[in-house]
S.K.: 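One structure, pasted below without further comment.
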Amino acid sequence: MTDLNQAIAQLVDSLSTLSPLPYQLRVCFSWPESVDPIEWLDAQPIFPKFYWQTRDTRDEVLVLGQVKTFTDPLAAETVLASGQRIWGGRSFDGRTERNQRCLQSFFFLPQIEIARQDKAWSITVNLGDDLLKTQAALSKLTLTYPSLSPPECHILSTEHFPSYPRWSNMIDRALTQIDQTDLQKVVLARKTSLSLDRTVSAAQLLKASRDQNSANFHFMLALDAKHCFVGSTPERLFHRQAQALSTEALAGTIGRGVSSEDDLALAQWLLNDSKNAYENRLVVEDISARLADYCETLAVEETPHLVRLRKVQHLKRSIDAVLNHDVTSSALLDSLQPTAAIAGLPRESAVSFIVENEPFVRGWYSGSVGYLGTQQSEFCVAIRSALMMGDALHLFAGAGIVPGSDALSEWHELDRKVSTLLSLLKPIPDATREKKAG
């Protein structure tokens with residue numbers, strides 16, 4: 001079967017010989033088992049670049065370059081040709097008065113999209129008006145790629161925003177508002193900023209997370225070599241295939257046990273805890289209400305089930321729907337984001353509390369990441385995520401505050417969630433560190 005190099009050569013030849021050219025060219029090929037897709041993507045000099053793997057691992061996509069960018073997902077959806085997908089997402093607070101620097105939405109139609117469905121690989125080129133640009137992009141693809149080492153470093157400093165005293169005060173204010181106003185739940189977040197003694201690349205962290213954090217979506221959005229947003233999230237915002245829609249309420253959290261007996265005891269506690277059940281029910285009710293006008297039918301899993309991850313366990317209820325014929329994926333994005341699982345209820349009151357009290361802007365954290373297509377679209381919720389800028393690494397985590405929440409318990413929950421990525425950073429062996437210092 002055609003290999004990747006031959007597939008690229010076929011595409012280059014088609015650009016020179018086909019007339020008229022279609023809007024898109026696609027070639028199927030065999031991906032070499034010895035090549036890690038993340039390592040290959042990291043070596044390519046073309047930006048923006050995007051990595052996507054679904055949590056069932058059946059779909060994996062490497063995206064390079066841009067034919068066109070969009071800041072309005074509805075406008076993008078209306079110009080897509082059959083089979084085309086635009087990649088990117090929506091931030092939590094971009095283009096608000098508080099966070100003018102971050103875009104509200106960023107999507108791009110890629111020049112090159114390499115995709116795997118199960119074991120079948122294909123490479124697609126989207127053609128714009130500039131064929132020379134497309135040919136140049138294909139010619140830049142490098143066939144040499146260094147192996148990515150584990151993300152080894154020493155953490156020089158750690159700073160939390162907010163600090164624990166400020167966090168405790170923020171929780172008290174939230175509980176007071178929940179008691180005295182219409183606020184039912186608010187999800188409050190913490191940014192943990194690490195200063196490292198060497199640069200850890202987003203691809204290093206992504207590869208380590210993909211290898212260790214199973215049952216998660218994995219994504220990386222790199223606008224350039226120095227600014228990357230990367231994550232491994234268990235939470236789907238929605239998957240849409242024609243009229244079939246799947247979403248979920250993922251809310252309610254406990255850690256993993258040190259033994260199988262401890263783990264089972266923690267799981268049973270979570271399944272029977274009224275506070276976590278209430279938090280999950282609020283999310284179910286909010287999603288159901290937001291989808292009501294878009295659906296012919298809506299089915300909600302009757303009771304929560306457990307999702308067990310490497311560091312935490314969650315309560316989850318699946319929600320499936322049949323959409324009305326005229327519903328766009330961008331409308332679903334508008335309606336569902338931000339969910340009660342990452343903002344709170346009522347949405348407007350919760351977002352207002354977050355803006356007034358959190359000591360940092362969220363940006364892409366707790367936004368959504370994925371793709372829009374003509375028949376199929378999918379987005380995950382951008383939690384368990386990190387913003388990487390040179391030697392600085394910013395990790396994010398949030399906790400749902402409802403009646404009965406305790407500041408210290410919620411702080412420990414943040415620690416457990418951050419450890420999904422933080423635990424991937426391995427100390428440099430002493431000999432290596434001494435050699436560098438010398």
Side-chain angles (χ1 to χ4, degrees), residues 90-94 96 98-99 160-162 166-179 181-192 231 233-237 247-254 270 273 275-287 289-290 304 307 312 314-317 336-369 380-385 395-418 420:
R90 294 188 62 173
S91 63
F92 179 82
D93 55 11
T96 61
R98 192 180 188 215
N99 192 7
H160 298 303
F161 303 92
R166 187 168 177 180
W167 170 262
S168 183
N169 290 335
M170 191 165 63
I171 300 302
D172 288 342
R173 288 194 297 273
L175 291 172
T176 298
Q177 287 217 16
I178 289 171
D179 183 55
T181 71
D182 68 337
L183 187 65
Q184 297 174 274
K185 170 188 174 179
V186 61
V187 181
L188 297 177
R190 184 185 77 190
K191 178 172 76 170
T192 298
T233 172
E235 187 173 358
R236 168 185 279 163
L237 183 65
T247 182
E248 63 200 30
L250 191 77
T253 305
I254 194 68
L270 181 61
D273 179 62
K275 170 190 168 293
N276 282 283
Y278 172 70
E279 184 181 349
N280 187 273
R281 179 169 60 81
L282 287 179
V283 177
V284 168
E285 291 174 352
D286 180 58
I287 293 174
R290 292 188 176 280
V307 174
V312 294
H314 294 295
L315 293 179
K316 174 183 169 182
R317 288 168 73 183
L336 290 175
Q337 187 190 349
T339 71
I342 51 89
L345 282 172
R347 178 189 287 184
E348 294 75 14
S349 300
V351 170
S352 294
F353 188 91
I354 290 167
V355 169
E356 292 168 6
N357 289 274
E358 283 186 355
F360 67 96
V361 293
R362 292 193 182 186
W364 289 103
Y365 164 66
S366 71
S368 55
V369 174
C380 63
V381 181
I383 55 175
R384 312 295 193 274
S385 54
L395 303 170
F396 304 91
I401 309 305
V402 295
S405 292
D406 171 74
L408 184 58
S409 297
E410 303 298 347
W411 185 264
H412 291 325
E413 180 177 317
L414 299 180
D415 289 338
R416 288 190 292 268
K417 290 176 176 177
V418 164
T420 298

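All values below come from the heavy atoms of this structure, side chains included, with hydrogens, waters and symmetry mates left out.
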S.K.: How long is the gap from NE2 on His412 to OG1 on Thr253, to the nearest 0.5 Å?
M.R.: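 Between atom NE2 of His412 and atom OG1 of Thr253 there are 15.0 Å.
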S.K.: Between Asn99 and Phe92, is there a side-chain heavy-atom distance shorter than 4.5 Å?
M.R.: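 A side-chain contact is absent here, since even the closest heavy-atom pair is not under 4.5 Å.
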S.K.: For the pair Ile354 and Leu188, evaluate side chain to side chain contact (heavy atoms under 4.5 Å, CB included) and give the outcome as yes or no after the intermediate values.
M.R.: CA-CA 7 Å; Ile354 290 167; Leu188 297 177; 4.2 Å; yes
S.K.: Measuring from atom CG of Asp286 to atom CG of Leu336, what distance do you get when rounded to the nearest 0.5 angstrom?
M.R.: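 Separation between the atoms: 8.5 Å.
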S.K.: For Val369 versus Ala382, what's the shortest heavy-atom pair and its separation?
M.R.: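 Where Val369 meets Ala382 most closely, the heavy atoms are CG2-CB, 4.1 Å.
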S.K.: Is Gln177 close to Val186 at the side-chain level, that is, under 4.5 Å between some pair of heavy atoms?
M.R.: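 Side-chain contact under 4.5 Å: no.
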S.K.: Report the distance from atom CG of Asp415 to atom OG1 of Thr192, rounding to the nearest 0.5 Å.
M.R.: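 Rounded to the nearest 0.5 Å, the CG-OG1 separation comes to 7.5 Å.
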S.K.: Tell me which one of Arg236, Glu235, Glu248 satisfies side chain to side chain contact (heavy atoms under 4.5 Å, CB included) with Lys316.
M.R.: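 Running side chain to side chain contact (heavy atoms under 4.5 Å, CB included) over Arg236, Glu235, Glu248 with Lys316 returns exactly one hit, Glu248.
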S.K.: Side-chain contact test, heavy atoms from C-beta onward, threshold under 4.5 Å: evaluate it for Ser349 versus Thr181 and give yes or no.
M.R.: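 No - every pair of side-chain heavy atoms lies 4.5 Å or more apart.
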S.K.: Look at the rings of Phe396 and Phe360 and say which category their plane angle falls in: under 30° parallel, 30 to 60° tilted, over 60° perpendicular.
M.R.: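 The rings of Phe396 and Phe360 sit tilted, inter-plane angle from 30° to 60°.
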S.K.: Taking all heavy atoms of Ala174 and all of Leu183, pick out the closest pair and write down the distance.
M.R.: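 For Ala174 versus Leu183, the nearest heavy atoms are O-CD2, 4.4 Å.
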S.K.: Under a 3.5 Å distance rule, please check whether Arg347 uses its side chain to pair with a backbone N or O of Pro338 as donor and acceptor.
M.R.: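 Here the side-chain-to-backbone pair exists.
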S.K.: Does any non-hydrogen side-chain atom of Ile342 lie less than 4.5 Å from one of Val381?
M.R.: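 Yes - at least one pair of side-chain heavy atoms lies under 4.5 Å apart.
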S.K.: I'd like to know if the side chain of Arg362 reaches the main chain of Gly94, judged simply by a donor and an acceptor atom lying under 3.5 Å from each other, with no hydrogens or angles considered.
M.R.: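 Here the side-chain-to-backbone pair does not exist.
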S.K.: For the residue pair Thr233 and Cys380, what are the closest heavy atoms and their distance?
M.R.: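 For Thr233 versus Cys380, the nearest heavy atoms are CG2-SG, 3.6 Å.
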S.K.: What distance separates Asp273 CG from Leu315 CG, expressed to the nearest 0.5 Å?
M.R.: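 Here the interatomic distance stands at 8.5 Å.
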S.K.: Could you pull out the closest heavy-atom pair between Leu270 and Gly252, with the gap in Å?
M.R.: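 Shortest heavy-atom contact: CD1-C, 4.0 Å.
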S.K.: Can you tell me how far the CZ atom of Arg173 sits from the OG atom of Ser168, to the nearest 0.5 Å?
M.R.: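 These two atoms lie 10.0 Å from each other.
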S.K.: With side chain to side chain contact (heavy atoms under 4.5 Å, CB included) as the criterion, how do Glu410 and Trp167 come out once you've worked through the C-alpha distance, each side chain's angles and the decisive distance to 0.1 Å?
M.R.: CA-CA 9 Å; Glu410 303 298 347; Trp167 170 262; 3.8 Å; yes
S.K.: Answer whether the closest heavy-atom distance between the side chains of Arg317 and Val283 falls below 4.5 Å.
M.R.: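 No, their side chains stay 4.5 Å or more apart.
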S.K.: Is the backbone of Ala189 close enough, under 3.5 Å, to the side chain of Glu358 for a donor and an acceptor to pair up by distance?
M.R.: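 The answer is yes, because a donor-acceptor pair under 3.5 Å joins these two groups.
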S.K.: Is Val418 close to Arg190 at the side-chain level, that is, under 4.5 Å between some pair of heavy atoms?
M.R.: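 Side-chain contact under 4.5 Å: yes.
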S.K.: Closest approach of Ala397 and Tyr365, non-hydrogen atoms and distance?
M.R.: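 That closest heavy-atom pairing would be C-OH, 3.2 Å.
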S.K.: Mark yes or no for whether Lys417, through its side chain, and Gly398, through its backbone, hold a donor-acceptor pair below 3.5 Å.
M.R.: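 Answer holds: yes.
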S.K.: Looking only at non-hydrogen atoms, find the nearest pair between Thr247 and Leu237 and report the distance.
M.R.: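 Heavy atoms only, the tightest pair is OG1-O, 2.6 Å.
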S.K.: Quick one: pull up CD1 in Ile287 and CG in Leu282 and give me the separation to the nearest 0.5 Å.
M.R.: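 Result: 11.0 Å between the selected atoms.
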